[in-house]
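To start, the structure under review is shown below, and the notes come after it.
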Amino acid sequence: MPIAVATWNINSVRLRLQLVLDYLQRARPDVLCLQETKCLDDQFPRSAFKEIGYAHQAIRGDKGYNGVAILSRLPLGEPSCLPFGRKGDARHIASEVRSEAGVAVTVHNFYVPAGGDIADPELNVKFAHKLGFLKDMREWSAQQAGIGGLAVITGDLNIAPYESDVWSHKQLLDVVSHTPVETEALEDIRCCGDWTDAVRHRIPEPERVYTWWSYRAVDWRASNRGRRLDHIWVSSPLAGSIGEVTIETAARGLERPSDHVPVLLSLTL
DNA sequence: ATGGTGGTCCTACCA
(Lines give C-alpha, C1' and ligand atoms only; values in the text may rest on other atoms or scores of the structure.)
Protein backbone atom coordinates (compact mmCIF):
# COMPACT_ATOMS: atom_id res chain seq x y z
CA MET A 1 0.00 0.00 0.00
CA PRO A 2 1.50 3.35 -1.00
CA ILE A 3 1.40 6.46 1.22
CA ALA A 4 0.80 9.79 -0.54
CA VAL A 5 2.19 12.86 1.24
CA ALA A 6 1.37 16.40 0.11
CA THR A 7 2.48 19.89 1.17
CA TRP A 8 0.79 23.27 0.60
CA ASN A 9 1.49 26.75 1.94
CA ILE A 10 -2.13 27.87 2.09
CA ASN A 11 -1.71 31.50 3.30
CA SER A 12 -4.68 31.39 5.72
CA VAL A 13 -6.50 28.08 6.18
CA ARG A 14 -9.70 29.87 7.22
CA LEU A 15 -9.88 32.09 4.12
CA ARG A 16 -9.06 29.19 1.78
CA LEU A 17 -10.78 26.32 3.59
CA GLN A 18 -12.90 25.40 0.55
CA LEU A 19 -9.81 25.24 -1.69
CA VAL A 20 -8.16 22.80 0.70
CA LEU A 21 -11.31 20.68 0.98
CA ASP A 22 -11.62 20.59 -2.84
CA TYR A 23 -7.97 19.56 -3.20
CA LEU A 24 -8.29 16.81 -0.58
CA GLN A 25 -11.47 15.46 -2.20
CA ARG A 26 -9.83 15.34 -5.62
CA ALA A 27 -6.23 14.27 -4.89
CA ARG A 28 -7.00 12.20 -1.75
CA PRO A 29 -3.47 12.32 -0.30
CA ASP A 30 -3.07 10.25 2.88
CA VAL A 31 -1.30 13.17 4.55
CA LEU A 32 -1.42 16.92 3.85
CA CYS A 33 1.07 19.30 5.48
CA LEU A 34 -0.10 22.92 5.60
CA GLN A 35 1.96 26.05 6.29
CA GLU A 36 0.90 29.64 7.00
CA THR A 37 -2.39 28.52 8.50
CA LYS A 38 -2.42 31.94 10.25
CA CYS A 39 -4.72 31.05 13.13
CA LEU A 40 -4.66 29.93 16.74
CA ASP A 41 -5.40 26.25 17.44
CA ASP A 42 -8.95 26.93 18.69
CA GLN A 43 -9.74 28.76 15.40
CA PHE A 44 -8.50 25.89 13.20
CA PRO A 45 -11.34 24.31 11.13
CA ARG A 46 -10.81 20.80 12.53
CA SER A 47 -14.33 19.48 12.00
CA ALA A 48 -14.51 20.41 8.28
CA PHE A 49 -11.47 18.20 7.60
CA LYS A 50 -12.74 15.46 9.89
CA GLU A 51 -15.99 15.30 7.93
CA ILE A 52 -14.17 14.40 4.70
CA GLY A 53 -11.99 11.71 6.25
CA TYR A 54 -9.02 13.63 7.68
CA ALA A 55 -9.75 12.81 11.30
CA HIS A 56 -6.13 12.70 12.45
CA GLN A 57 -4.72 16.18 12.92
CA ALA A 58 -1.59 17.70 14.42
CA ILE A 59 -1.88 21.49 14.52
CA ARG A 60 0.21 24.36 15.85
CA GLY A 61 -0.70 27.96 15.19
CA ASP A 62 0.16 31.58 16.00
CA LYS A 63 -2.27 34.49 15.96
CA GLY A 64 -2.44 35.92 12.43
CA TYR A 65 0.86 34.58 11.07
CA ASN A 66 3.00 31.39 10.72
CA GLY A 67 1.18 28.15 11.66
CA VAL A 68 1.68 24.53 10.59
CA ALA A 69 -0.65 21.54 10.47
CA ILE A 70 -0.61 17.86 9.50
CA LEU A 71 -3.96 16.42 8.32
CA SER A 72 -4.12 12.65 7.89
CA ARG A 73 -6.50 9.84 6.93
CA LEU A 74 -4.10 7.43 8.67
CA PRO A 75 -3.44 7.36 12.43
CA LEU A 76 -0.89 9.87 13.75
CA GLY A 77 1.37 9.53 16.76
CA GLU A 78 1.88 12.16 19.46
CA PRO A 79 3.02 15.39 17.74
CA SER A 80 6.32 17.08 18.58
CA CYS A 81 7.91 20.42 17.69
CA LEU A 82 11.48 21.61 17.21
CA PRO A 83 12.32 25.01 18.76
CA PHE A 84 14.29 26.44 15.82
CA GLY A 85 14.61 30.18 15.22
CA ARG A 86 12.61 32.36 17.60
CA LYS A 87 11.41 30.08 20.37
CA GLY A 88 7.68 29.48 20.28
CA ASP A 89 7.17 30.36 16.60
CA ALA A 90 4.83 27.80 14.98
CA ARG A 91 7.21 26.80 12.20
CA HIS A 92 7.57 23.04 12.69
CA ILE A 93 5.44 20.09 13.69
CA ALA A 94 6.20 16.39 13.34
CA SER A 95 4.18 13.23 13.77
CA GLU A 96 4.46 9.54 12.95
CA VAL A 97 2.06 8.27 10.28
CA ARG A 98 1.15 4.58 10.34
CA SER A 99 0.25 2.90 7.05
CA GLU A 100 -2.44 0.20 6.81
CA ALA A 101 0.37 -2.35 6.53
CA GLY A 102 1.78 -1.04 9.83
CA VAL A 103 4.79 0.83 8.44
CA ALA A 104 5.56 4.00 10.45
CA VAL A 105 6.94 7.11 8.72
CA THR A 106 7.80 10.30 10.64
CA VAL A 107 6.61 13.41 8.78
CA HIS A 108 8.37 16.71 9.54
CA ASN A 109 6.42 19.76 8.40
CA PHE A 110 8.59 22.94 8.23
CA TYR A 111 7.86 26.59 7.55
CA VAL A 112 11.32 28.17 7.22
CA PRO A 113 11.42 31.99 7.76
CA ALA A 114 11.14 33.95 4.50
CA GLY A 115 14.02 36.22 5.50
CA GLY A 116 12.86 39.70 4.46
CA ASP A 117 14.12 41.70 1.49
CA ILE A 118 17.82 42.44 2.10
CA ALA A 119 20.20 39.46 1.89
CA ASP A 120 22.54 40.73 4.62
CA PRO A 121 22.28 39.49 8.22
CA GLU A 122 24.00 42.68 9.47
CA LEU A 123 21.36 44.93 7.92
CA ASN A 124 18.32 42.68 8.16
CA VAL A 125 17.34 40.84 11.34
CA LYS A 126 14.86 38.69 9.37
CA PHE A 127 17.67 37.35 7.20
CA ALA A 128 19.77 36.71 10.32
CA HIS A 129 16.79 34.84 11.79
CA LYS A 130 16.51 32.71 8.63
CA LEU A 131 20.22 31.82 8.70
CA GLY A 132 19.94 30.95 12.40
CA PHE A 133 16.98 28.67 11.68
CA LEU A 134 18.98 26.92 8.92
CA LYS A 135 21.93 26.47 11.30
CA ASP A 136 19.64 24.73 13.79
CA MET A 137 18.21 22.58 10.99
CA ARG A 138 21.72 21.56 9.92
CA GLU A 139 22.67 20.36 13.38
CA TRP A 140 19.38 18.44 13.72
CA SER A 141 19.69 16.94 10.22
CA ALA A 142 23.17 15.54 10.96
CA GLN A 143 21.74 13.82 14.05
CA GLN A 144 18.84 12.41 12.02
CA ALA A 145 21.24 10.64 9.64
CA GLY A 146 22.53 8.56 12.52
CA ILE A 147 19.04 7.47 13.55
CA GLY A 148 18.34 5.96 10.13
CA GLY A 149 14.54 5.75 10.36
CA LEU A 150 11.79 6.20 7.80
CA ALA A 151 11.26 9.96 7.65
CA VAL A 152 10.08 12.75 5.39
CA ILE A 153 10.99 16.46 5.50
CA THR A 154 8.43 18.61 3.77
CA GLY A 155 7.05 22.13 3.74
CA ASP A 156 7.79 25.67 2.63
CA LEU A 157 11.58 25.84 3.00
CA ASN A 158 11.61 29.32 1.41
CA ILE A 159 14.73 28.47 -0.63
CA ALA A 160 14.94 27.57 -4.34
CA PRO A 161 18.21 25.59 -4.31
CA TYR A 162 19.04 24.89 -7.96
CA GLU A 163 19.37 26.98 -11.15
CA SER A 164 16.29 25.38 -12.70
CA ASP A 165 14.29 26.09 -9.50
CA VAL A 166 13.99 29.77 -10.48
CA TRP A 167 12.95 31.68 -13.60
CA SER A 168 16.36 33.41 -13.82
CA HIS A 169 19.35 32.15 -11.87
CA LYS A 170 21.46 35.23 -12.68
CA GLN A 171 18.74 37.75 -11.83
CA LEU A 172 17.95 36.07 -8.52
CA LEU A 173 21.48 35.54 -7.17
CA ASP A 174 21.04 38.58 -4.88
CA VAL A 175 17.39 37.90 -4.13
CA VAL A 176 16.48 36.30 -0.79
CA SER A 177 15.51 32.64 -1.43
CA HIS A 178 18.21 32.03 -4.06
CA THR A 179 21.41 33.61 -2.65
CA PRO A 180 24.45 31.32 -2.44
CA VAL A 181 24.52 31.47 1.38
CA GLU A 182 20.96 30.07 1.45
CA THR A 183 21.20 27.53 -1.38
CA GLU A 184 24.49 26.20 0.04
CA ALA A 185 22.99 25.98 3.54
CA LEU A 186 20.00 24.01 2.24
CA GLU A 187 22.19 21.66 0.22
CA ASP A 188 24.35 21.13 3.31
CA ILE A 189 21.27 20.32 5.42
CA ARG A 190 20.12 17.81 2.78
CA CYS A 191 23.49 16.13 2.28
CA CYS A 192 24.55 15.89 5.94
CA GLY A 193 21.27 14.10 6.74
CA ASP A 194 21.44 11.90 3.64
CA TRP A 195 18.03 13.13 2.44
CA THR A 196 16.86 12.67 -1.16
CA ASP A 197 15.04 15.54 -2.87
CA ALA A 198 12.09 13.48 -4.15
CA VAL A 199 10.86 16.10 -6.62
CA ARG A 200 14.27 16.46 -8.28
CA HIS A 201 14.66 12.66 -8.22
CA ARG A 202 11.53 12.39 -10.40
CA ILE A 203 12.00 15.62 -12.38
CA PRO A 204 15.77 16.07 -12.80
CA GLU A 205 17.47 19.32 -13.79
CA PRO A 206 17.48 21.19 -16.11
CA GLU A 207 13.68 20.92 -16.30
CA ARG A 208 12.21 23.94 -14.56
CA VAL A 209 9.96 23.29 -11.57
CA TYR A 210 8.14 26.05 -9.65
CA THR A 211 5.77 25.85 -6.69
CA TRP A 212 5.33 29.59 -5.99
CA TRP A 213 4.45 32.63 -8.11
CA SER A 214 4.33 36.13 -6.58
CA TYR A 215 1.00 37.87 -6.07
CA ARG A 216 2.66 41.00 -7.44
CA ALA A 217 2.81 39.81 -11.03
CA VAL A 218 0.27 41.32 -13.39
CA ASP A 219 -0.16 37.91 -15.04
CA TRP A 220 1.60 35.09 -13.15
CA ARG A 221 1.02 32.59 -15.97
CA ALA A 222 2.26 34.82 -18.78
CA SER A 223 5.39 36.07 -16.97
CA ASN A 224 5.95 32.66 -15.26
CA ARG A 225 8.51 34.12 -12.85
CA GLY A 226 8.21 31.25 -10.40
CA ARG A 227 10.43 29.65 -7.79
CA ARG A 228 10.54 26.13 -6.24
CA LEU A 229 10.22 26.95 -2.54
CA ASP A 230 8.18 23.92 -1.40
CA HIS A 231 9.93 20.60 -1.01
CA ILE A 232 9.55 16.93 -0.13
CA TRP A 233 12.68 15.06 0.97
CA VAL A 234 12.90 11.43 2.09
CA SER A 235 15.42 9.71 4.38
CA SER A 236 17.84 7.22 2.78
CA PRO A 237 15.83 4.09 3.75
CA LEU A 238 12.92 5.59 1.71
CA ALA A 239 14.99 6.62 -1.33
CA GLY A 240 13.96 3.46 -3.17
CA SER A 241 10.28 4.12 -2.44
CA ILE A 242 9.91 7.41 -4.34
CA GLY A 243 6.88 7.06 -6.59
CA GLU A 244 4.90 9.62 -8.54
CA VAL A 245 5.35 13.37 -7.97
CA THR A 246 2.58 15.84 -8.82
CA ILE A 247 2.94 19.64 -8.83
CA GLU A 248 -0.59 21.09 -8.76
CA THR A 249 0.21 24.16 -10.91
CA ALA A 250 -3.47 24.71 -11.75
CA ALA A 251 -4.10 25.67 -8.09
CA ARG A 252 -2.37 29.02 -8.73
CA GLY A 253 -5.10 29.87 -11.22
CA LEU A 254 -8.02 29.27 -8.84
CA GLU A 255 -10.16 32.14 -7.59
CA ARG A 256 -8.50 33.88 -4.61
CA PRO A 257 -5.52 31.47 -4.72
CA SER A 258 -2.59 30.93 -2.41
CA ASP A 259 0.68 32.09 -3.98
CA HIS A 260 1.97 28.50 -3.45
CA VAL A 261 0.61 25.30 -5.06
CA PRO A 262 0.36 21.76 -3.63
CA VAL A 263 3.22 19.29 -4.15
CA LEU A 264 2.45 15.58 -3.78
CA LEU A 265 4.68 12.51 -3.46
CA SER A 266 3.55 8.91 -3.53
CA LEU A 267 5.73 6.55 -1.48
CA THR A 268 5.57 2.94 -2.70
CA LEU A 269 5.82 1.17 0.64
C1' DA B 1 10.23 50.49 -13.66
C1' DT B 2 13.02 49.96 -6.83
C1' DG B 3 6.68 49.30 -8.03
C1' DG B 4 3.58 45.67 -7.64
C1' DT B 5 -0.58 42.16 -4.34
C1' DG B 6 -2.50 39.73 -0.53
C1' DG B 7 -3.53 38.18 4.64
C1' DT B 8 -4.30 39.51 9.49
C1' DC B 9 -6.12 42.72 12.41
C1' DC B 10 -6.20 48.01 13.49
C1' DT B 11 -2.10 50.21 12.46
C1' DA B 12 1.38 48.20 10.88
C1' DC B 13 3.29 43.76 10.26
C1' DC B 14 4.10 39.77 7.62
C1' DA B 15 4.79 37.28 3.10
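Letters go in sequence order (proteins before strands), and every chain restarts at 1.
Going from the P atom of B:dC10 to that of B:dG4 covers 26 Å, rounded to whole Å. Across the C1' atoms, B:dC13 and B:dC9 are found 10 Å apart, a figure rounded to whole Å. Only the C1' atoms considered, B:dG7 is 14 Å distant from B:dT11, to the nearest whole Å.
When only modelled atom types and interatomic distance are considered, A:S164 and A:R200 share a side-chain donor-acceptor pair under 3.5 Å. Neither side chain, A:E36 nor A:S12, offers a donor N or O lying under 3.5 Å from an acceptor on the other.
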Distance-only donor-acceptor pairs under 3.5 Å for side chains of residues 258-269 of chain A, two or more places apart:
{"residue": "A:S258", "atom": "OG", "partner": "A:N9", "partner atom": "O", "Å": "2.6"}
{"residue": "A:S258", "atom": "OG", "partner": "A:H260", "partner atom": "N", "Å": "3.0"}
{"residue": "A:S258", "atom": "OG", "partner": "A:H260", "partner atom": "O", "Å": "3.4"}
{"residue": "A:D259", "atom": "OD2", "partner": "A:W212", "partner atom": "NE1", "Å": "3.1"}
{"residue": "A:H260", "atom": "ND1", "partner": "A:D230", "partner atom": "OD1", "Å": "3.2"}
{"residue": "A:H260", "atom": "ND1", "partner": "A:D230", "partner atom": "OD2", "Å": "2.8"}
{"residue": "A:T268", "atom": "OG1", "partner": "A:S241", "partner atom": "O", "Å": "3.2"}

Less than 3.5 Å apart, which donor and acceptor atoms pair up between the side chains of residues 69-77 of chain A and the rest of the protein, not counting sequence neighbours?
{"residue": "A:S72", "atom": "OG", "partner": "A:L74", "partner atom": "N", "Å": "2.9"}
{"residue": "A:S72", "atom": "OG", "partner": "A:L74", "partner atom": "O", "Å": "2.6"}
{"residue": "A:R73", "atom": "NH1", "partner": "A:R28", "partner atom": "O", "Å": "3.0"}

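Contact check of residues 222-233 of chain A against DNA chain B (heavy atom, cut-off under 4.0 Å) returns no residues at all.
Between the CG atom of A:L19 and the C1' atom of B:dG7 there is a distance of 14 Å, rounded to whole Å. In this structure, CZ of A:R256 is placed 12 Å from C1' of B:dT8, rounded to the nearest angstrom. Spacing between atom CD1 of A:I118 and atom C1' of B:dT2 amounts to 12 Å, rounded to whole angstrom units. With rounding to whole Å, A:R14 atom CZ is found 6 Å from B:dT8 atom P. Here the P atom of nucleotide B:dT5 and the CZ atom of A:R252 are 13 Å apart, to the nearest Å. A:Q171 places its CD atom 13 Å from the C1' atom of B:dA1, with the value rounded to the nearest Å. Residue A:D174 contributes atom CG, which lies 18 Å from atom P of B:dT2 at whole-angstrom precision. Regarding A:R221, its CZ atom lies at a distance of 19 Å from the P atom of B:dT5, rounded to whole Å.
Here A:R86 pairs with A:D89, A:H129 under the side chain to side chain contact (heavy atoms under 4.5 Å, CB included) rule; sequence neighbours left out. The salt bridge (Lys or Arg N to Asp or Glu O under 4.0 Å) test applied to A:E100 returns no partner, not counting sequence neighbours.
For the OP1/OP2 pair of B:dG7 and a distance below 4.0 Å, the side-chain nitrogens and oxygens of A:R16 include at least one atom meeting the criterion.
Within the shown strands, nothing qualifies as a pairing partner of B:dG3 under the Watson-Crick or G-U definition with both distances less than 3.5 Å.
Of the residues A:R190, A:R202, A:R228, the one that meets the side chain to side chain donor-acceptor pair (under 3.5 Å) test with A:D197 is A:R228.
Ionic pairing of A:E248 and A:R26 is present here: one or more N-O contacts between side-chain nitrogen and carboxylate oxygen are shorter than 4.0 angstrom.
Taking the six-membered ring wherever Trp is involved, the centroid distance between the rings of A:H108 and A:W140 falls below 6.0 Å.
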Check nucleotides 12-15 of chain B against the protein and report each pair of N or O atoms closer than 3.5 Å, with its distance, or say if there are none.
{"residue": "B:dC14", "atom": "OP2", "partner": "A:K126", "partner atom": "NZ", "Å": "3.2"}
{"residue": "B:dA15", "atom": "N6", "partner": "A:R216", "partner atom": "NH2", "Å": "2.6"}
{"residue": "B:dA15", "atom": "N1", "partner": "A:R216", "partner atom": "NH2", "Å": "3.0"}

